Peer 1: 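Below you will find the structure I want to go over with you.
Given the structure is predicted, the values throughout are model-derived calculations rather than measurements. Every heavy atom of this structure was used, including side-chain atoms; hydrogens, water molecules and symmetry mates were not.
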Amino acid sequence: FEVPKPTGGEALRRKSERSPELALESARQAMVLLKNNGILPLDPGAGMKVAVIGPNSDVCRLGSRSGTPEKTVSLLEGIRELSRGRFEVSHAKGCIMALNDTNDSYLNWRHVNEVNFATLPENRPLIEEAISVARDSDIVILALGESELMRRETLGANHLGDRASLRLTESQEELARQIGLLEKPVILFLFHGGPMVLGELEAAFDAIVTGHYNGQETGTAAAELLF
């Protein structure tokens, strides 16, 4: 070929030069607004408190075979960056989906075999903490859905693929119910690798956005969409 193939550090520089820009535009175009009762876009005034809660709030889910980017932006990071000087952001994990979740998409897909799902009793302290954070906020953004541990290829008897259910995990459903009881405005942001069923929980949300797995600039694009 006329242009020699770059190697080593040169290859990395060529690969990464426009990656954030392209990843951001891809994320912007891939997010889908499923429900909006008029609350979006959010316009919190000075002094307002926005709570970002959920197992997918502080991790950037990339999906299987993603590799590991040099940098990722979670939903929480994107909102905090956008909020500077405008409004206050608080955070709570709310619950975890699996005790052996590495929070690294590639490692979850390839190297975690049997999934150790967290039980509702194990998540109770995190749910209670999230309720307290939400109670002290004006708006709640709830980041739920899946991780790569819950929808992936079956690679062996000890490395199973998709969950049998399309619903949220039990702890996530309980978290959503408890947050809904506070009668705060709640926006649901879903991160997932396939179809999901909300059932009766849908009524608790003022807006629903599905983000699927939106790549390394997920949080930046999500914050632009929400605000």
Side-chain angles (χ1 to χ4, degrees), residues 26-27 29-37 40 52-66 74-75 93-110 112-124 126-127 130 140-181 186-215 218 221-222 225-226:
S26 296
Q29 294 189 33
M31 295 175 180
V32 180
L33 181 63
L34 299 179
K35 176 182 178 180
N36 185 16
N37 68 359
L40 295 180
V52 183
I53 294 171
N56 283 337
S57 59
D58 60 351
V59 59
C60 189
R61 302 289 185 193
L62 303 174
S64 302
R65 298 182 180 272
S66 61
S74 69
L75 177 65
K93 191 72 172 176
C95 67
I96 58 176
M97 292 179 273
L99 299 176
N100 54 346
D101 186 347
T102 68
N103 288 333
D104 182 295
S105 296
Y106 177 78
L107 294 179
N108 277 350
W109 164 69
R110 186 67 183 86
V112 177
N113 290 319
E114 295 183 5
V115 181
N116 187 8
F117 287 105
T119 65
L120 181 55
E122 288 170 329
N123 272 317
R124 277 294 179 194
L126 291 176
I127 293 174
V140 177
I141 299 172
L142 202 54
L144 306 179
E146 298 178 318
S147 76
E148 298 78 12
L149 296 174
M150 299 164 67
R151 199 180 298 272
R152 59 183 183 174
E153 297 146 304
T154 298
L155 300 181
N158 69 334
H159 190 106
L160 299 179
D162 296 353
R163 288 174 67 227
S165 173
L166 298 180
R167 296 186 69 99
L168 296 168
T169 59
E170 181 182 19
S171 294
Q172 290 187 93
E173 290 194 341
E174 178 64 11
L175 173 64
R177 289 190 194 95
Q178 294 301 320
I179 297 296
L181 292 175
V186 181
I187 295 95
L188 172 64
F189 212 114
L190 285 170
F191 297 100
H192 54 108
M196 301 212 70
V197 174
L198 296 176
E200 71 284 356
L201 290 175
E202 180 272 331
F205 307 119
D206 297 280
I208 302 174
V209 180
T210 180
H212 308 289
Y213 295 141
N214 279 134
T218 290
L225 183 152
L226 292 171

Peer 1: Going through the checks in order, is the side-chain contact (heavy atoms from CB on, under 4.5 Å) test met by Ile96 and Asp101?
Peer 2: CA-CA 8 Å; Ile96 58 176; Asp101 186 347; over 6 Å; no

Peer 1: Does Glu174 pair with Arg124 as a salt bridge, N-O distance under 4.0 Å?
Peer 2: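 Salt bridge between Glu174 and Arg124, a charged N being under 4.0 Å from a carboxylate O: yes.
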
Peer 1: Which heavy atom of Arg167 sits nearest a heavy atom of Leu198, and at what distance?
Peer 2: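 Looking at all heavy atoms of both residues, the shortest contact is NH2-O, 3.9 Å.
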
Peer 1: Could you pull out the closest heavy-atom pair between Cys60 and Gly215, with the gap in Å?
Peer 2: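 Closest pair (atom of Cys60, atom of Gly215, distance): SG-O, 3.1 Å.
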
Peer 1: What heavy-atom pair brings Gly94 and Ile53 nearest, and what distance separates the two atoms?
Peer 2: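 In terms of heavy atoms, the two residues are closest at CA-CG2, 4.3 Å.
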
Peer 1: What's the shortest heavy-atom distance between Glu146 and Gly193, and which atoms?
Peer 2: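 So the two residues come closest at OE1-N, 2.9 Å.
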
Peer 1: Walk me through it: do Arg61 and Thr218 pass the test side-chain contact (heavy atoms from CB on, under 4.5 Å)?
Peer 2: CA-CA 8 Å; Arg61 302 289 185 193; Thr218 290; over 6 Å; no

Peer 1: Quick check: do Leu75 and Leu226 have side-chain heavy atoms less than 4.5 Å from each other?
Peer 2: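 A side-chain contact under 4.5 Å exists here.
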
Peer 1: With side chains defined as the heavy atoms from C-beta onward, is the minimum distance between Leu188 and Leu34 less than 4.5 Å?
Peer 2: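 No, side chains not in contact.
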
Peer 1: With heavy-atom distances below 4.5 Å as the criterion, would you say the side chains of Leu168 and Leu175 are in contact?
Peer 2: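 Not touching, per the 4.5 Å side-chain cut-off.
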
Peer 1: Please check: side-chain N/O of Glu148 versus main-chain N/O of Leu62, any donor-acceptor pairing under 3.5 Å?
Peer 2: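 Present.
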
Peer 1: Any donor-acceptor pair under 3.5 Å linking the side chain of Asp206 with the backbone of Val186?
Peer 2: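 Such a contact is found between Asp206 side chain and Val186 backbone.
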
Peer 1: Could you check if a side-chain atom of Glu170 sits within less than 4.5 angstrom of a side-chain atom of Phe117, using non-hydrogen atoms only?
Peer 2: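 Side-chain contact under 4.5 Å: no.
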
Peer 1: How close do Ala118 and Ser171 get, counting heavy atoms only, and between which atoms?
Peer 2: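 Ala118 and Ser171 have their closest heavy atoms at O-OG, 4.3 Å.
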
Peer 1: For a 4.5 angstrom cut-off between non-hydrogen side-chain atoms, does Asn123 reach Thr169?
Peer 2: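 A side-chain contact is absent here, since even the closest heavy-atom pair is not under 4.5 Å.
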
Peer 1: Applying side-chain contact (heavy atoms from CB on, under 4.5 Å) between Ile187 and each of Val140, Val52, Leu40, Leu142, report the one that passes.
Peer 2: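 Only match with Ile187 under side-chain contact (heavy atoms from CB on, under 4.5 Å): Leu40.
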
Peer 1: Heavy atoms only: give me the nearest Ala176-Phe205 pair and the separation to one decimal.
Peer 2: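 Looking at all heavy atoms of both residues, the closest pair is CB-CZ, 4.0 Å.
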
Peer 1: To the nearest 0.5 Å, what is the distance between CD (Glu122) and CG (Asn116)?
Peer 2: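 Atom-to-atom, Glu122:CD and Asn116:CG are 7.0 Å apart.
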
Peer 1: Roughly how far apart are Ser57 OG and Phe191 CZ, rounded to 0.5 Å?
Peer 2: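 Between Ser57 OG and Phe191 CZ, I get 9.0 Å after rounding to 0.5 Å.
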
Peer 1: Could you check whether any side-chain N or O of Gln172 sits under 3.5 Å from a backbone N or O of Cys95, counting only pairs where one atom can act as donor and the other as acceptor?
Peer 2: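 Side chain of Gln172 to backbone of Cys95: no pair is present.
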
Peer 1: So does Ser26 get a backbone contact from the side chain of Asn214, meaning a donor-acceptor N/O pair under 3.5 Å?
Peer 2: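 Answer holds: no.
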
Peer 1: Does the side chain of Thr210 reach to within under 4.5 Å of the side chain of Met196, using non-hydrogen atoms?
Peer 2: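 No; the side chains remain at least 4.5 Å from each other.
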
Peer 1: Mind running side-chain contact (heavy atoms from CB on, under 4.5 Å) on Asp58 and Asn103 for me, showing each step along the way?
Peer 2: CA-CA 9 Å; Asp58 60 351; Asn103 288 333; 5.9 Å; no

Peer 1: Pick one: which of His192, Met97, Lys93 meets side-chain contact (heavy atoms from CB on, under 4.5 Å) with Asn56?
Peer 2: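 Going through His192, Met97, Lys93 one by one, the side-chain contact (heavy atoms from CB on, under 4.5 Å) with Asn56 is satisfied by Met97 alone.
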
